[in-house]
Amino acid sequence: MSNGDQSLLEYLAVEAEVRGLRFLLIGGWALEAYQFARQTVDVDCLIAEPDVAQVDSFLPAAGFNEIARTANFRRYRHADFGYLDLLIVDPATFGTLYASAQPFAIGSVTLKVPSLPNLIALKLHGAKNDPAREGRELADIEQLARRGPVSSDEIKKLCAQFGPPDIWNKLKSRLYGND
């Protein structure tokens, strides 16, 4: 995930600053902000929909090839940097997530990651929208819940609001046993 001189995270931080773009680091790299490392082969970022056109123009100019596209997702591949996934949300959602985001120093840059409850909500949303991801998302949520000041009541509420049916019972069993 490096071109020898610069990592993908450093590249994104510089480009965002130069272009006045805001993004949040999500996915596996964001877990590290909460002292939980998980093997990952890509960088996942969340951006607001109005910024998509600008990102779609400068990434190809820098050698990124778009390999997947939906209304709310882009996947790019770069020969040196590897994979970059962009999750696209409406400006109001992005504003809410960005307002409570936390700084995360990694390498020579400081990026923003969602607050712990918001990162858990994103993980729940991922499990809801792609049932094949549920096991991995549950494992991530379990580790995040064990590391941060998030109450069981708050997690239960997040599960009801953002997760697939019955996810609270699965998560509760993993976190608290069969009580």
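These numbers come from a predicted model, not from an experiment. Below, all heavy atoms of this structure are taken into account, side chains as well, without hydrogens, waters or symmetry copies. Residue indices begin at 1 and follow the sequence shown.
Sequence neighbours left out, the pairs with a member in residues 54-63 that pass salt bridge (charged side-chain N to carboxylate O under 4.0 Å, His left out) are Asp56-Arg69, Asp56-Arg74. The side chain to side chain donor-acceptor pair (under 3.5 Å) contacts involving residues 85-96 comprise Arg75-Asp85, Asp90-Thr93, where partners must be two or more places apart or lie in separate chains. Sequence neighbours left out, the pairs with a member in residues 37-75 that pass ring pair (Phe, Tyr, Trp, His ring centres under 6.0 Å) are Tyr11-Phe64, Phe64-His78, Phe64-Phe81. Pairs of residues two or more places apart, or lying in two chains, never qualify as side chain to side chain donor-acceptor pair (under 3.5 Å) while including a residue from residues 45-55. Counting only residues at least two apart or in different chains, ring pair (Phe, Tyr, Trp, His ring centres under 6.0 Å) contacts with residues 87-130 comprise Phe94-Tyr98.
Between Leu111 and Leu12 there is no side-chain heavy-atom pair separated by less than 4.5 Å. Looking only at side-chain heavy atoms (C-beta outward), Phe36 and Arg146 stay at 4.5 Å or farther from each other. Leu122 is listed as a side-chain neighbour of Leu46, based on a closest heavy-atom distance under 4.5 Å.
Remark: Asp166 pairs with Asn169 by the side-chain hydrogen bond (donor to acceptor under 3.5 Å, both in side chains) rule, at least two apart or across chains. When the side-chain hydrogen bond (donor to acceptor under 3.5 Å, both in side chains) test is applied to Arg136, no partner is found at least two apart in sequence or on another chain. Applying the side-chain hydrogen bond (donor to acceptor under 3.5 Å, both in side chains) test to Ser57 and every residue at least two apart in sequence or in another chain returns nothing. Under the salt bridge (charged side-chain N to carboxylate O under 4.0 Å, His left out) criterion, Arg19 pairs with Glu15, not counting sequence neighbours. Shown here are the side chain to side chain contact (heavy atoms under 4.5 Å, CB included) partners of Pro50, two or more places apart in sequence or in another chain: Ala48, Pro91. Applying the side-chain hydrogen bond (donor to acceptor under 3.5 Å, both in side chains) test to Glu154 and every residue at least two apart in sequence or in another chain returns nothing. Applying the salt bridge (charged side-chain N to carboxylate O under 4.0 Å, His left out) criterion to Lys112, with sequence neighbours excluded, gives no partner residue.
Residue Trp29 is grouped with residue Leu116 when hydrophobic side chains (ILVMFWY) are merged at heavy-atom distances under 4.5 angstrom, including chains of intermediate members.
Considering Leu171, Ile141, Leu124 in turn, Leu124 is the only one that fulfils the side chain to side chain contact (heavy atoms under 4.5 Å, CB included) rule with Leu158.
Minimum interatomic distance between Pro131 and Lys128 (heavy atoms only, all atoms of both residues): CD-O, 4.3 Å.
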